[in-house]
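Here the structure comes first, spelled out in structure tokens, and everything after it is commentary.
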Amino acid sequence: MTHSPNPSSDRPDYLQRLNPEQRAAIETTDGPLLVLAGAGTGKTRVLTTRFAHILLSGRARPHQILAVTFTNKAAREMRERIGAILGTPVEGLWLGTFHALCARMLRRHAEYVGLSSGFTILDTDDQLRLLKQVIEPLRIDAKRWPSQGILGVIQRWKDRGLTPERVTPAEDTDFANGQCRAAYAAYQARLIQLNACDFGDLMLHVTEILRTRPDVLAQYHRLFRYILVDEYQDTNTIQYLWLRLLAQREGQSANICCVGDDDQSIYSWRGAEVENILRFERDFPGAVIVRLERNYRSTAQILGAASGLIAHNDGRLGKTLRPGREDSSGEKVRVVAVWDSDDEARMVGEEIARLRAGGHSLAEMAILVRAGFQTRAFEERLIALGVPYRVVGGLRFYERAEIRDALAYMRVLSQPADDLAFERIINVPRRGIGAAALQKFHAAARAGNMPLTQAVQDLLAGGEIKGRAREPMAALMDCLQRGRDALPREGHVVVVETLLEEAGYIDMWKADPSPEAPGRVDNLKELVRALADFESLEGFLEHVALVMENEENAGDARVSLMTLHGAKGLEFDTVFLPGWEEGVFPSQRTLDEGGLKGLEEERRLAYVGITRARHRAIISHAASRRIYGNWQSAIPSRFIEELPDEHVATSGAASQARTRTFGHAPEFSQAFPVVARRARMTEALARGTAPDAASGARSAAFGAGERVFHQKFGYGTVTSVDGSRLEIAFEKAGSKRVLDQFIEKIS
DNA sequence: TCGTTAGCTTTTTTT
DNA sequence: AAGCTAACGA
């Protein structure tokens, strides 16, 4: 490949209009390179341009570059942008998430760890069920030591690259009386038996293979000439080990380029080690470090506020974000004090409505919360206002019950030995198989050292399944077998469709009277449709296991509602940052568990939040909040005080709160219209305890099938009437039970 | 075997 | 406050 000639400078097009630091990050192709890229400094652009530059300058061919990201979204974006620079989509890239790349490697070398290449990747649900089964003989008190906790311990070991043999007794003291190692070993053994692995195994197995098989390692050393890593600050130990194995070879300095920002490290709870980025120079001697500090995203006010906040952290590599444009002073970051979460939602809602009326697109607004439960109040408010919104990272398509069931059917179809999947569907729809019967099947399977499906098959043949269960079980086994036989002839789409139909699964939902059922049937149709995008059933299952995304119609403009974690890497014109109260943000739990380190991570999270905003950031804090069902008065987050005054404008009673020391919530709350609130409450109480006669008379007016409107939930249809209580299927809010007095009729 | 109920936890964050 | 599990009864 040659550089395209360019008269204005002797650089090719794609290197134009970069600042000097960016250019250095791209043109320093050989040797270890650490790019410290602050928020909004063109990190993705550097990564993609660098990738393209390596290709276009003839240093490597597409498949000789390993490019690792953390999220599927980042991988997809990178692939698209590289294609755009090159002017043509590129095939055969080793570009993907750590887990996707490892899955690909593991399929090639599965036999080295006792798997075969068709292994199943388990989801969290399966993991937990499997662990529960496996620890039963250990007699661990499930009350004191929940299996989720044990799974957490195992996962953290996996994050650190520890196989069961590598875990020392000294590391297994604090949980479940030192039985976690035993649980871990049993769990791993069972996974191998099932020809399955969990998410952590993808990394663990591949790293183990690279560690113990020099031939395999050498093969990848020959293959990968360049390695690019995104979000390096979020790598955990096992990912670090994996990278180091692939990057370090004898007598050569590694062509590894890691891009990251220590100020945006927010995943330590998942095993990420900020130290990985802090010690890069020691790991890769002769490393060049490039700092990207010119921010082209946010106004100077926003940058000033964010920088001032993050300056409170110690142990940073040190970067200062500078505005990339001179004209970008903008409005100050607003800090708004509100009474409670409803009040907060109302304020945000009004602000959104005002901006929308002023011509701003909803797609450019986001509400970023610390934890999932905070979204509820905003959802309700936005529904009431009729503002379209999308909850990012909420319940995802592939996590819904009907989808998981259908996937389990597919898994059994593709892998009869997938006991976990078989267990899931054996009694769905009802086939008269209860715990007792399942126990029997398990015993038979264990005795014969065979998968459940085989055991059931044998028991059926031997006439040992009797009574009501016999007929439906025989039918199910028959369906599955015929499906497998038909697979080569009819193709996976038809076979799956037929299987779900014949097994009675579709009918189960069609017969379900609940208001969600029709939606579930639609989801199943959508699932079958998605199958057609893949060449094989196995390909589809792999996609689902690794990507787990709902590629829903992202068409129309909506407000985004998501957690701060979910917002990393995104940007919006306007960002709302609610719930900045002590205990909520910073989260009490993180403080309790992580101490000062935890606090600093929370602060980085705040920094991430503010730097998502291009033009406007609106922080709010409530004086009281309901936690675990009861009201507690709240203190403004310490982060609010840490924002530099010159970049902040306060409203509500926040100005007083900021100057006052902590611990004076009562005084603080006096600034609020308490009286008005009392009045509201009294009014509500009065309505709630209104004589039954009144509501009874009203409810008679409602009948099933009637179309109604609710202040909070919007439009819906009555599905059942129980005195004054109505069950209503709302169009946007789903099915709710509501008192009739809050319902309006629609003619 | 299934449905109901009482009591209990939950509210981080995700590949 | 609500949703889930474990235990109990039909």
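Note: hydrogens, waters and symmetry copies are ignored here, and every other heavy atom, side chains too, is used. A note on names: the letters A, B, ... follow the listed sequences, proteins ahead of strands, and every chain is numbered from 1.
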| Minimum-distance nucleotide to A:Phe373 side chain [options: B:dT13, B:dT1, B:dT11] | B:dT11
| Roughly how far apart, to the nearest Å, are B:dT11 and C:dA6 at atom P? | 16 Å
| request: Write down the distance between CZ (A:Arg129) and P (C:dT5), rounded to a whole number of angstrom. | output: 12 Å
| note | Out of B:dG3, B:dT13, B:dT15, minimum distance to the side chain of A:Arg430 belongs to B:dG3
| field | Check: A:Asp230 and A:Val68 side chains under 4.5 Å, non-hydrogen atoms | value | no
| Looking only at atom P, what distance separates B:dT13 and C:dC4, rounded to whole Å? | 16 Å
| At under 4.0 Å between heavy atoms, what does A:Thr590 touch on the DNA or RNA strands: base, sugar-phosphate, or nothing? | base
| field | Side chain of A:Arg270 (C-beta onward), nearest among B:dT15, B:dT13, B:dT1 | value | B:dT15
| said: If you only use heavy atoms from C-beta on, which nucleotide in B:dT15, B:dT11, B:dC2 is closest to the side chain of A:Asn427? | reply: B:dC2
| query | For A:Gln148, does the CD atom have more than 12 heavy-atom neighbours from other residues, nucleotides or ligands under 6.0 Å away? | reply | no
| message | How many whole angstroms separate atom CG of A:Asn72 from atom P of B:dT15? | response | 7 Å
| Contact check, side chains of A:Tyr232 and A:Asp234, non-hydrogen atoms, under 4.5 Å | no
| Distance, rounded to the nearest Å, where A:Arg626 contributes CZ and B:dT10 contributes C1' | 14 Å
| query | What nucleotide, of B:dT13, B:dT15, C:dA1, holds the atom closest to the side chain of A:His99? | reply | B:dT15
| query | How close or far is atom P of B:dT15 from atom CH2 of A:Trp269, stated in whole angstroms? | reply | 8 Å
| remark: When rounded to whole Å, the CD to C1' distance for the pair A:Glu542 and B:dT15 reads 14 Å
| request: Kindly confirm or rule out a cation-pi arrangement of A:Arg107 over A:Phe119, judged by NZ or CZ under 6.0 Å from the six-membered ring centre and within 45° of its axis? | output: yes
| field | Whole-Å distance separating the NZ atom of A:Lys440 from the C1' atom of B:dT1 | value | 14 Å
| task | Please tell me which of the listed nucleotides, B:dT1, B:dG3, B:dT13, lies nearest to the side chain of A:Ala436? | result | B:dT1
| message | Can you work out whether A:Tyr267 or A:Gly434 has the more 5'-proximal nearest nucleotide on DNA chain B? | response | A:Gly434
| query | Which part of the nucleic acid does A:Phe98 contact within heavy-atom distance under 4.0 Å: base, sugar-phosphate only, or nothing? | reply | nothing
| query | Among B:dT1, B:dT15, B:dT14, which nucleotide sits nearest the side chain of A:Phe199? | reply | B:dT15
| Does B:dT15 have OP1 or OP2 sitting under 4.0 Å from an N or O in the side chain of A:Thr124? | no
| Distance, rounded to the nearest Å, where A:Glu593 contributes CD and B:dT13 contributes C1' | 12 Å
| query | Does the ring center of A:Tyr267 lie less than 6.0 Å from the ring center of A:Trp269? | reply | yes
| remark: Atom CZ of A:Arg431 and atom P of B:dT1 are separated, to the nearest Å, by 15 Å
